Protein chains: 2
Amino acid sequence: MSLVETDDVDGGESLSLHQRILSDIREKILSGAWAPGHRIPFEHELTAQYNCSRMTVNKALSQLAKAGLIERRRRSGSFVRQPQSQAAVLELHDIRIEVEALGLPYRYERLERIKRRSSADDRARLGLAAPGPVLALEGLHFAGERPFALEQRLINLSAVAEANEEEFLEIAPGPWLIGRVPWSEAEHRIRAMAADENIADALDIEASAPCLVVERRTWSAERPVTHVRFIYPAESHTLVARFTPSQG
Amino acid sequence: MSLVETDDVDGGESLSLHQRILSDIREKILSGAWAPGHRIPFEHELTAQYNCSRMTVNKALSQLAKAGLIERRRRSGSFVRQPQSQAAVLELHDIRIEVEALGLPYRYERLERIKRRSSADDRARLGLAAPGPVLALEGLHFAGERPFALEQRLINLSAVAEANEEEFLEIAPGPWLIGRVPWSEAEHRIRAMAADENIADALDIEASAPCLVVERRTWSAERPVTHVRFIYPAESHTLVARFTPSQG
DNA sequence: ATAGCGATTATGTATATACATATTGAAACG
DNA sequence: CGTTTCAATATGTATATACATAATCGCTAT
């Protein structure tokens, strides 16, 4: 059995050799030809089949292992892993981008700005241990004349002191923070919720109408930076997440 | 300027050299010390600083490039990339797992099973061009005595003929399909929705109560396999997505 | 039988080397 | 002055080699 005809005329694509090896094997796995648990040919066998050095084969297999498609065991060989937990990639764009993608004019409007010493609730939202100053912001993102999303944000002023100098009247805190604060970690929670009186009022929808809520907590170098809650009327927003098997 | 004291006593962790180079540089980027646009030392400079071969440095930089943290340009060098589009990883577990994680007994119950020639709506859901046989399933996932999620599923029988032999009375189609059909691509849509009469009835909630809807379309080798819609009462489910800068 | 030990084997990491390729900057030329 | 050409340079890929490390097989001694 041979993986490829190594004497083949080039099929047209110009992949490097280790990339071709990688995608050949990935194809075998994703197509089901090599079921989970199947032992992949040893490096020295692939070396012979592709007529290349072990380093080249190793590069391909190492990448497959890092991508989680295979598992490598010393002395035993490499094996196709059990179907991985389905992990999809969720792209979270700036709201301005989302709105402009709809061909509508975008506008941000501040509703509220309060500086205060963190309440217990604030600390819970931010994941803060000790009390300290925070900035609580509320604002509306518009798509044309219609409210598109309500934003409720907390900024940890101990981590981002400059935020205190900013009014955030017409520029949204999100874009402001990006670039100013390098963030190293983020956690998102997505759920559905009925609009309460205040939310319905701000978004100009009926009370108890369904909303999509996206909350994000952000850390920079282990320190909580911000917690934000985006509330979308159900009609106005759908999140899209894709799974594509790792390209190595 | 030196990145590390190469004569340092080992800090305790046993990283390989290229991994240490990688994480040193990643740290510089994530901490903000090297801002977007900053030119990373050339390979030959790092080679000198770490007293290692170019291949070792190259391995680290290549991985950073693949992870999207840096951009490499021939003849010019490697540069820190502009803050990437925020991409979070959404783990989508089997519902049984979700329920059992809550410490509740899990049960699946079929509500409906219809084999039919695909309607226009079916084809739209599956992304099918031509008509053909499909299996429409509806079922309930229970956590203890309470309905946890309603599942509405379409299976493309042209792609998964064996599904026609299965009744799906007590085993959910999700786990059944996994392992039987290798899937190569999936797309998820997440939104909020008000429960209509039928949904409210099935889930034992009030009509027009908010629900979280997760839809998934799955392909195997370019062919549509299944479309599924999970409908969760707002209280019962929160999706969690994490961003952690690629570990290379 | 079985516990321990050493040889074997596959992967993991690193080196020195070589040549390909894209891009830039400067020299040569019209 | 603008354009072409060419050499320099940094990255991209691949090789042959070497030794480290972990796991397994089979032999030996108890």
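Please read all numbers here as calculations on a predicted model, not as lab measurements. Quick note on labels: first sequence line is chain A, next is B, and so on, each numbered from 1.
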Would you check, one step at a time, whether the test ring-ring contact (aromatic ring centres under 6.0 Å, His included) holds for B:His188 with A:Phe243? CA-CA 8 Å; B:His188 304 82; A:Phe243 172 85; 8.1 Å; no
Should we count CD of A:Glu170 as having more than 12 external heavy atoms under 6.0 Å? no
Tell me which of A:Ser76 and B:Leu17 sits closer to the 5' end of DNA chain C, going by the nucleotide each one is nearest to. A:Ser76
What is the distance, rounded to the nearest whole Å, between atom CZ of B:Arg75 and atom C1' of D:dC6? 12 Å
Pick base, sugar-phosphate or nothing for B:Leu61, based on heavy-atom distances below 4.0 Å to the nucleic acid. nothing
No-hydrogen, no-angle side-chain donor-acceptor test under 3.5 Å, A:Arg217 and A:His227: no
Starting from the 5' end of DNA chain D, give me the residue, A:Arg74 or A:Cys52, whose nearest nucleotide shows up first. A:Cys52
Going by heavy atoms in the side chains, are B:Arg191 and B:Glu215 under 4.5 Å from each other? yes
Heavy-atom distance under 4.5 Å between the side chains of A:His141 and A:Val99, does that happen here? no
Ranking A:Arg73 and A:Met55 by the position along DNA chain D of their nearest nucleotide, the one closer to 5' is A:Met55
Any non-hydrogen side-chain atom of B:Asn156 less than 4.5 Å from a side-chain atom of B:Val160? no
Rounded to the nearest angstrom, tell me the gap between atom CZ in B:Arg54 and atom P in D:dT11. 7 Å
Please name all residues satisfying side-chain contact (heavy atoms from CB on, under 4.5 Å) with B:His38, sequence neighbours left out, ordered by chain then number. B:Trp34, B:Val80
Could you tell me if B:Arg96 sits above the aromatic ring of B:Tyr106, with its cationic atom closer than 6.0 Å to the ring centre and no more than 45 degrees from the axis? no
For the helix from C:dA1-D:dT30 to C:dG30-D:dC1, what angle separates the axis at the start from the axis at the finish, each from five pairs, in steps of 10°? 10°
Assign B:Ser53 to base, sugar-phosphate, or nothing according to its heavy-atom contacts below 4.0 angstrom with the strands shown. base
With heavy atoms of chain B within less than 4.0 Å as the criterion, where does contact along DNA chain C begin and end? C:dT13 to C:dT24
